[in-house]
Visitor: 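Take a look at the following structure, please.
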Amino acid sequence: MWWFYRKGPSGFSGASTAEEVTAGVDGHLLVAVITGATSGIGLETARVLALRGVRVVMAVRNVSAGLMAKDAIVAKTPDARIDVLELDLSSIASVRRFASEFDSLKLPLNILINNAGVMTRNCTRSCDGLELHFATNHIGHFLLTNLVLENMKSTCRDTGTEGRIVNVTSAGHVMTYPEGIRFETIRDPSGCKSAVRSLNDFIAYGQSKLANILHTNELSRIFKEEGVNISANSVHPGLIATNLFRAFGRTIIAAFFNTVGRIVRRSVEQGAATTCYVAVHPQVKGLSGKYFANCNIASPSSQASDAELAKKLWEFSLQTVS
Ligand SMILES: *[C@@H]1O[C@H](CO)[C@@H](O)[C@H](O)[C@H]1NC(C)=O
Ligand SMILES: *[C@@H]1O[C@H](CO)[C@@H](O)[C@H](O)[C@H]1NC(C)=O
Ligand SMILES: *[C@@H]1O[C@H](CO)[C@@H](O)[C@H](O)[C@H]1NC(C)=O
Ligand SMILES: *[C@@H]1O[C@H](CO)[C@@H](O)[C@H](O)[C@H]1NC(C)=O
């Protein structure tokens with residue numbers, strides 16, 4: 001575990017917390033959308049960005065849980081600026097509804113944090129909808145990103161501030177399937193739509209997080225090509241958190257609000273650190289298409305750097321939503 005505590009070139013390590021890595025950052029001119037912000041790492045990310053002055057829009061599946069999470073943040077940070085909007089990433093209609101509700105707030109958008117993982121409580125090893133859930137979550141974030149992009153582009157044109165898209169890759173998946181199921185080991189027996197099956201081919205290609213990383217890379221390439229000042233990076237939320245999530249599984253959300261104790265909270269604070277670092281730290285300015293872990297640039301698998309594959313996944317996703 002020595003490397004976990006060792007500081008990388010950024011000056012931070014896997015043991016750094018979200019508050020530590022954002023110390024001194026003034027976010028008052030920034031607006032961020034965070035998906036899956038009601039619990040765990042998403043909630044901590046929302047809390048810390050709001051603490052730094054960022055106006056946070058929590059995109060949540062369960063609005064009453066979202067409002068409770070908002071209250072919890074405001075209790076600690078009374079001048080936190082937070083909106084709660086409904087978003088179910090497994091429903092294309094819900095994603096579109098969210099986008100238009102967000103539009104009607106007439107806010108600019110500087111930061112998009114695609115944090116929500118697959119949130120199917122009921123799924124077990126035999127759940128046939130597994131790929132479907134993964135696919136819709138991928139597609140959900142893909143569509144969400146595309147729908148808010150114009151806003152992000154005009155925000156960075158108008159303000160001269162770099163836009164940032166941060167994609168959190170794996171906590172959700174591990175958290176949802178505490179039995180240790182990995183997407184790449186699951187095969188759909190039958191019944192899923194063929195579109196889903198071909199997405200599954202991509203997933204079968206390597207690790208479960210591949211699709212996210214590939215998508216982020218492709219997005220980053222497109223921005224560079226278009227000369228748009230928006231970065232897109234992927235984030236791994238950190239080891240301790242991930243392991244704890246695996247161990248505690250479904251009870252993690254309850255655990256966060258109650259007490260499994262200091263260690264869980266500490267690890268959520270660390271889990272949110274890389275996301276917050278990539279979202280607002282000045283050191284990250286100009287970096288795009290990178291993969292971050294423990295608040296430093298890391299290298300994903302070689303497949304995840306495959307530009308050709310990234311392009312294919314992008315085209316496939318586009319077909320699916322249109
Ligand atoms: C939504 O959140 C509230 C408050 O935590 C909870 O009581 C309710 O059961 C949740 N609803 C669903 C559908 O999960
Ligand atoms: C969960 O599974 C049980 C039994 O397998 C079923 O009765 C219930 O409706 C499911 N709940 C959801 C939310 O899908
Ligand atoms: C972000 O990650 C989600 C899964 O968490 C994935 O479905 C989506 O394609 C990714 N989006 C971007 C912009 O990379
Ligand atoms: C992007 O925006 C940042 C300010 O956040 C600025 O420093 C940088 O020069 C911009 N880059 C380009 C290519 O316009």
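Both ligands and their constituent atoms are indexed starting at 1 by order of listing. Just so we're clear, the structure is a prediction, and the values are computed from it rather than from any experiment. The basis for the numbers below is simple: all heavy atoms, side chains too, and nothing from hydrogens, waters or symmetry mates.
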Visitor: Show the atoms of ligand 1 that are less than 4.0 angstrom away from any heavy atom in Ser64.
Guide: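 So the answer, numbered in order with elements, is 1 (C), 2 (O), 3 (C).
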
Visitor: Can you give each donor-acceptor pair under 3.5 Å made by side-chain atoms of residues 100-110, sequence neighbours left out, with the distance rounded to 0.1 Å?
Guide:
from   : atom 1 : to     : atom 2 : distance (Å)
Ser100 : OG     : Arg97  : O      : 3.2
Ser104 : OG     : Glu101 : O      : 2.7
Asn110 : OD1    : Val31  : N      : 2.8

Visitor: Can you tell me how far apart OG (Ser10) and NE2 (His281) are? Round to the nearest 0.5 Å.
Guide: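 Answer rounded to 0.5 Å: 7.5 Å.
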
Visitor: Which of the listed options, Asn62, Leu67, Thr38, holds the heavy atom that is closest to atom 14 (O) of ligand 1?
Guide: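 Ranked by closest heavy atom to atom 14 (O) of ligand 1, first place is Asn62.
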
Visitor: In terms of side-chain geometry, is the basic nitrogen of Glu19 or Arg47 positioned less than 4.0 Å from the acidic oxygen of its partner?
Guide: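 Yes, this pair counts.
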
Visitor: Which residues pass the side chain to side chain donor-acceptor pair (under 3.5 Å) test with Ser231, sequence neighbours left out?
Guide: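 Ser231: no side chain to side chain donor-acceptor pair (under 3.5 Å) contacts found.
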
Visitor: Which of the numbered atoms in ligand 1 are below 4.0 angstrom from a heavy atom of Met68?
Guide: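 Counting from 1, the qualifying ligand atoms are 4 (C), 5 (O).
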
